[in-house]
Every structure is written in C-alpha cells, then in structure tokens.
Amino acid sequence: MTEASIWEQILDFSNRANPYPFYDELRRTPVTRLPDGSYLVSTYAEIAALLHDPRVSSDISRNPAAAAAGAAAVGDDGDGPGMSPTFLSMDPPDHDKFRRITMRHFGPPATPGRVAGMEARMAEIVTDLVDTMAAHPRIDVVDDLAYPLPVTVICELLGVPPGDEQRFRVWVEVALQSTDPGLDPETQQKKRAEAGRELRAFMEELVEAHRRSPGPDLLSAMVTDDGPEGRMPDEQLVSTGLLLLIAGHETTVNLISNGALTLLRHPAELQRLRNDPDLAIPMVEELLRYEPPVHFVPFRTALDDIDIAGTTIPAGASLTLLLASGNRDPAHVTDPDLFIPDRRNNQHLGFGGGIHLCFGAPLARLEAQIALTAFATRLENPRLVSDPPPYRPSPFLRGPAHLLIDIDGVAPHQ
Amino acid sequence: MRILVDLTKCQGYAQCAFLAPDVFTIQGDEALTYDPHPDGAHLQRVRRAAAACPVQAIRLEEPDGQDGWPHPATRPATAAPVEDSGGTFRRTGRIVIVGASMAGLRAAERLREEGFTGSLTLVGQEPHEPYDRPPLSKQVLSGSAPLEDTSLPRRRDIRATWRLGMAATGLDLAAKQLHLADGSRIGFDKLLITTGLRARPWPNPGEAALAGVMTLRTREDAATLRQHLARRPRRVLVIGAGFIGCEVASVCRELDLPVTVAEAGPAPLVAALGGVIGAVAGELQTDNGVDLRCGVRVLSLEGDATGQLCRAVLSDGTTLQVDVAVAALGSVRNVEWLADSGLACGVWGVACDAGCRAFDANGLVTDDVFVAGDIARAPQPMYGYQYLAVEHWGNAISQAEVAAHNMVSGETERWPHLEVPKFWSVQFGTEIKSVGVPSVADEVAIVQGSVDTKRFLAVYGYKGRIVAAVAFNQNKWLDFYEPLIEQAAPFPPAFRHVDESVQARPEPAGFKPAVSPTQDATVVVTGHDPNERRARLTNTAAGETPSRRPAESTPRLKEASP
C-alpha cells in the first residue's frame, strides 16, 4: 500500500476505531508526500523538531491547503469563515501577544491559581453526575460524564449562562461534522459556514452581555480588563471566545471517554486505579500518549526548504503532524502499544509542543483525573455494551460518539 | 518532600505553575522559580505538576527518601556488568568521590544504578549534605525559600560513607591514597574528582573582612546575605556584573532595595554573552531601577569604627553610602590540593579526555582517576577540541553520569561526554537561556523577536559557523538551534522563519579579544594558561621503568618554555 492510500485508510471512517496499525505503516517513512503536495510527518523526533522549528508557520493565511479548504476547521480552533484568526493560527509576535493577553486571565503569571482553584468545583460536578447514574443500569459515558463535565466547567469559567449549552451544542456538532473527510468539499464548506455564522452570533451576543454587566468570569475579564498589552480587537474577542469554548470541551470529552474505554479494556488497570486513586495522575499522561484526543495538527506551512529525515519539505508546502503516531513511535517509547498507567518519563505529544502547546492543557488534565478517578472508584462492575463503540466522524478529534456501559450500581461518594 | 527542577530542560510551559501554584511560580513570560521543599500538604498537587511537565524536568523525593517519580536517566544503564572492566571491581571495588555537591551526588547515584556494589566514600569540604546552588542567588535570597530546603533530593539510597566537613589535601597516585585535612588517608581503587569552584574573594583582605562585604557561593554566604538584605540596607553594592552579580541585583530590586552595580567592562554579562547582548542585559537593569555603572571599578571599601562597611569609593569619582557589598568577581577552581599529584591541573581545571578520565601532566590518560563538573577541563569537539571547563549546572550532572558510567564500564562500553553546554539565568523577570558556547563567537545576529521588548533569540557565529544561541524569554525555540550548532551550520542563518527580526544583520559580538587556548601554545594539557607558554612535565629518570608517579617523587622537573 502506498503512503497516500494508507492516509486514505486513516481518514476512512470505517477505520476510526483503530487507526494505529496504519500509523505503524506510515512511520516506516517518517515524512510522506501526499498527491496534493502536502506532507505528513509521523515519527516522534521529527514531529517534536518541527514543533520547535521557526521555519514552520501556523499562520493560516500562509497555508495553501487551508486556503483551498476555505478556512480552518471549526472545532480545532474557533476560526471559521469570516472570523478573525485566533492565536492558534498566528505566528509570533502576534501569537505570543494574544496568547499572553488571553493567558492573563486564565493562568500564570497574572492569574496563577485559577485552574487549581477549580478542583473542588470539578469534583462537585463529577459527584453530581455520578450520583445521577445510580438510577440507571445502562449509562452513556459520553453523554452522562465525559461531555457534561468539561462543558459545565468551561461554561462556568467563561461565564456562559447555564442552559445556553443547548444552543451552541448543535452548531458545534455541525461544525465538527464539517471536518468529516467523507463529505464532499462543498457540503463541508456549507456546513462550516452555517455553523460559523450561528456560533459567531452566539458569541457576539455573549461578549456584549459581559461588557454590559461583567462578572468574575474569564470573558468578562477579557472584555473589560486591560493588561499592559491592551485588549483584543472585538472581532478577535469573539473568535477567541469561541476557541476557548469549543476547544475547551470538545477535546476533553474525547480524553475522558477514550480513558474510560481504555480502562474497561484493561480491567487490571481499572482495579489498580480503584485501589490507588493517585494513579490517575500519571495515567492521564499515559492516556494522552496512548489514546490522545487530538490525533494530528493540520495546516502548518514550511516557510523555507526543510531537510528532515532524508526528505526535503519544500518552502510553501503544507504539513500535517501526526501526533498520535509520534506517541507510539518505538524509537521514542518502549512498548508503545502497551497501556502502562504509571509509565516513567512520559514525554508525549498529546498536547502538541512548542509555543502552541495546548492552552487548556492544565484544565483538561485536572478534569480527566477527577472524572476517571470517580469512574473507577464509584461505578460498580462497569462493562462495555459494545466494543468498539460507535465513533465520532472526525479523524483528528478522535473519540467515541457514545460509550454505553452497564453497571450494577453506584458506590456512595467518599 | 524535596523538589528539584532541571531548569536546563524546562521550556517554561508553566503546567506546574497551573497545577501547583503555591509551589511553582512563573515570573514574566517563562521564568520558573519554585519552593524546593514544599509543605507535605501540597504533595498531590506537586505530583500533578511533575507528571504534567511536558519535558519531565521535575524530580521529587518522596517523604520516605525513595524517589517515587523517578527522573529519567540521560541514557539507559548498561544491562550487564562487563567482565573485562572487572566484574570483581563492580562488586567489591573501592570508589572515593572528592567533592560532595551536585556532581558528586549524581555520580554516586549513577554508580549504584549501574550496579556498583563496592564501597563508596564521599568527601566534602562543606559540612552539608549536597545542596542545590541556583536557588541561593534567587529564591533563598529573596526569602521565598528557606535556606535549609535546598538539599538535593535523593534518587536512591547510595549506601555511602560520608566524610563531610573534611577537605582533601593531597593525592598520592602511586599509593592510590587520598590525604585528608585531619591527617588521615583513604585508599581507593578509583577516584572521582568533583571539587568544583569557590568564589573569588574581594582582593583586599582587610576590606574583605569588613562586616557587610561578602561573596555568594555557599549556603552560609546566602544566609549571611539574606540576613543583610532583610535588615534593609541603605544601598547594596554589587561588584561585577556576571550572572551572580546580575541575579543579586535583580533580587535587590525585587525586595525594593537600592542597588548599585559596578562593572569594569562595558556592560553586564560581557564575558558570557558579549557586548551586544550584554547591553540588552544592561537595559534590563536600568529599566528595573538598578544604578548600573559600567567601565567603573571599586577602588576601596571603607568601614566604620565597628568594622561595618559604610562606604565605597568608585573610579568614577563618586563615593557611595553602602552597608552591603557583594563581590561577584567570578570563581576560583579548587585545584590547589592536587598541585603535587602529577595530574594535569592548574587554574583552568583538571584536564581529562572526553570520557572524563584525568590526564597526568604529560598528557597520559590515567586509568583510575576521573573528573567531572566545574573543575573538569575536557576537549570540546564542537569548538576545535579546545580544552574547556564548563561551569554550568547541567554540565555537572551530565559529566557526573558519564564519569560514573565509565568508572564501572569496560573499554568498549564507555561513553564520551558530548553534551552541548547550556545555561540559564533568571533576572528581572526575564529568563536568559543559552545553548552552545557564545564566548567563542566573533559575531552575533538577533534573528527572532526584538530587543526592545526583551523577547528575542540571538545566534552567535564564529568564522561563518553557528556556535551558540541565546534566548531572552524565547526558550521554546532553542531546541531548534542545538543541532545547528552541532552541525556547524552556516552563520548568519539564511533561511526564512517566523518572527524575523529587523535587527538580523550580524555585528561583532563584542567579546574581549579571545585567547584561543590551542593557538600557538606550547603545551595545553597541563592546565597552565597557554599565554604563559610553559608546561610542567614529570619525566622519569633515565633507566627507570616509566610509570606514573606523583610529582614530588619525580627526580627531574622540566619547565618547558619557548
């Protein structure tokens, strides 16, 4: 099979449940040229190097493939048609500046305690969600835990009123469907434009509301409180708000549901976590390596000829970095296909790397640790209804659409 | 619970500061400081922080003294003992390590990891167990971390005999004995020398003895200076703007204390970074309210009737009312005790091969004497095989690991020490980080970012090849430049990249005219300054069987000179 057809196999929805054998094949050639002139990078060292390579641009306006696709995919970032780019699709110095302006209200150095301070609230949300499961012998891990936890957390963090989630959920779903490579480009664009319009209107309204009556939340801070580098332009406030809202939960849903699925497939490790809840800390890192929610980074651009692993990636070429493949590169990690919850020295690509390392990583880590600990310690005799479960369409934001399990009951909260 | 962060690895991702904000702090864009001995109540959060570190730079020691979250070794241990290196030695040999600081401890840990089960003795001049020095000029001085908390976390029980508070006074290679200050001797099969540096004192002994005049190198120094700063002196005088001087000035401003920095050169950090980047470091100081005076010498320090420092007279004609003066004049290598050992040692350190095996004064490699850390002067393949001693934290660790491995490994299993030198400094909320050896450069180009915002990356070139890169608050890009240095890629870099600087044109780096240690030198291995053009050799008398022997028993000494 040629590399191009291996890539088609990865994108093929019928292989969504297990793309890893195809990654194994791709890694035989660290850098692969596809028929459309873009390049895939599949090995750890090369991906890590390119994430730190200043000749690689994240500026979406410099990317030929993104231009051809009409716009960046909503879901990975907030950018949609007509939307102002976020720091995710910018290069320094703009990237650094706008990321700093956003970080100012979210984390160190200006707001160091915000995420750690949400731990108790996260635990409370999880406790309530699990308590509710007691009445049901069959639950959907996605709908009943993996989705509501991060969406509640990000809404409370941003200051999205309870109930609004119903409004944006449907448009996020449409936007994510638009990334399905099984659809024809025209339908993709149409869906994307439609979702983009609705989401933008939603966020514009929200931004305006927070400007009128600010609260203690992050959006209010972003629209009212200027740091030393000033405020974002309004257009960008809207797109950044959407980025935080969507990327702030869509990926964590997959992390938690992939995690629950992995634990159910490894009963001995599930039992270990039950006995030692602190195991969740390294285990989430292993999940980020073994079953990462984001499988690849698209739309990077070579600004110059880049010689890597015996291949020259020409200036102007579009790059896709296969994070999930790098995570299982045997040249980087021993026994890459084994799930080892307390794996040592776990340096993975689950959150990317370099200056674009996932903005919300600390939030996702904490949410996943709390959710999976509760999953292991409170659900009695959980068992999969079907394996593999049905998957969501996206090949790069990969996770189950539903994860049905049967349980014998729920242990009381300790 | 003790913590150590390998700040050479840290890329400022701040995951630790998010997850354990009471323990890890980010200053400015990416400069990490941390409490090295946090309260046990923070254990879970610290574990989260350590697990989340994208480059796995955080090492913890669990309360029971075992390392619960082991730090990765730089390389895997050799699987099986190599018989030709003497399986017997691995089991029952005697190893002595002189110098009980970072390099000494890490070497000891590594020896045990490699399966060495013989006797292990650590000799240290200071009375303390090994401690970490970088926090002394930062967290400890600012009062954010208590002094006693800087002891290094242990990776494992090293089952060693400790001889702390005991200086080594001599080395008898023929008898394989180490002489100690109390007159005792310790026999060894193999010896590792990691005696490192001490601060260069203020040259006038009478003035150096004034209360308030000090250096900063040891725990005691840090404690004394901390006490002085806590008493809020009228003004602090920092003499010398190398890294220690700059960091002390930074802490003074952090504590809102008036501080004057007197630097004889044209800018701070010139020896390490050159005049161009040094000027930027100077702006950091003046922007933060330091009274920086370059091209200025301190002529005298004066005390009051009680022997307390009260005034300093400067070469710019001014007199300062100061209560505290920190002499930050660089360091002196602790080599004196080796003077008669026959090893190739001098003020530049102890010469060794790429595998950390010491040379004798004639350039013969020893079999059983190894050297690591600040004192080890080894050939640098990337820099024309010049013998360079690297005084960086990360170098002490990597050399210690290589030395320890080679001490218990057979000829074909040994490792060379080929790490590209790296250092970091945190001052005025800015992280300064470097890869390569900037000081060998003749030119510098600011390729990314801008010096105006103090966020930039500078590349250093020597004769058209890249030899180093220095980042101010841009350290996530440094990994890209390391292989370019290893490959001696063309300078200035000609490729297109993000955030291209408008100041990218190369200019003279502004180092003092360099002495190339190998250029025209008569003999360099002996450790004399090549400018002296002399070497001290230890020939054997005619008719004797050639053997390595200590210098004092050598019948004939030859001074070679041009």
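First the proteins, then the strands, lettered A, B, ... as listed; each starts at 1.
Contact of B:Gln44 with chain A is made through backbone and side chain together, with heavy-atom distances under 4.5 Å. Looking at B:Asp29, the atoms closer than 4.5 Å to chain A (heavy atoms on both sides) all sit in the side chain, from C-beta outward. Contact of A:Glu229 with chain B is made through the side chain alone, with heavy-atom distances under 4.5 Å. Within the 4.5 angstrom heavy-atom criterion, atoms from both the backbone and the side chain of A:Ala361 approach chain B. Using a 4.5 Å cut-off between heavy atoms, B:Glu500 does not touch chain A at all. Contacts between A:Arg114 and chain B at a heavy-atom distance below 4.5 Å are absent for every atom of the residue. Neither the backbone nor the side chain of A:Phe351 has a heavy atom closer than 4.5 Å to any heavy atom of chain B.
B:Gln448 has its side chain within reach of A:Pro54: a pair of non-hydrogen atoms, C-beta onward, lies under 4.5 Å apart. Between A:Leu357 and B:Gln11 the shortest side-chain heavy-atom distance does not fall below 4.5 Å. Residues B:Arg48 and A:Glu119 meet the side-chain proximity criterion, which asks for heavy atoms closer than 4.5 Å.
When all heavy atoms are compared, the tightest approach of B:Ala494 to A:Asp304 is O-OD2, 4.4 Å. Closest of all the heavy-atom pairs between A:Gly113 and B:Pro21 is CA-CG, 4.0 Å. Here the closest heavy-atom approach between residue B:Ala51 and residue A:Ile281 is recorded as CB-CG2, 3.5 Å. Summarising the geometry of A:Val56 relative to B:Val498, their closest heavy-atom pair is O-CG1, 3.8 Å, with the distance given to 0.1 Å.
One N or O on the side chain of B:Tyr13 and one on the backbone of A:Gly354 form a donor-acceptor pair closer than 3.5 Å. Side-chain N or O atoms of A:Arg365 include one that pairs as donor or acceptor with a backbone N or O of B:Ala52 at under 3.5 Å.
Taking 4.5 Å as the heavy-atom cut-off, the residues of residues 467-481 of chain B that approach chain A are B:Gln474, B:Lys476, B:Trp477, B:Asp479, B:Phe480, B:Tyr481, ordered by number.
Classification of B:Arg455 and A:Asp96 as a salt-bridged pair fails, no side-chain N sitting under 4.0 Å from a carboxylate O.
Top candidate by heavy-atom pairs under 4.5 Å with chain B, chosen from A:Ser58, A:Gly350, A:Pro112, A:Ala48, is A:Pro112. Interface summary for chain B: among A:Asp305, A:Asn346, A:Asp59, the most heavy-atom pairs under 4.5 angstrom belong to A:Asn346. Listed options A:Pro362, A:Ala116, A:Pro109 were ranked by heavy-atom pairs under 4.5 angstrom with chain B; first place goes to A:Pro362.
Rounded to the nearest 0.5 angstrom, A:Leu366 CG and B:Arg45 CZ are separated by 8.5 Å. Within the model, atoms CG of A:Asp91 and CG of B:Asp499 stand 8.5 Å from one another, a figure rounded to the nearest 0.5 Å.
Applying the side-chain hydrogen bond (donor to acceptor under 3.5 Å, both in side chains) test to A:Lys97 and every residue at least two apart in sequence or in another chain returns nothing.
At most 12 heavy atoms of other shown residues, nucleotides or ligands fall within 6.0 angstrom of atom CZ in B:Arg496.
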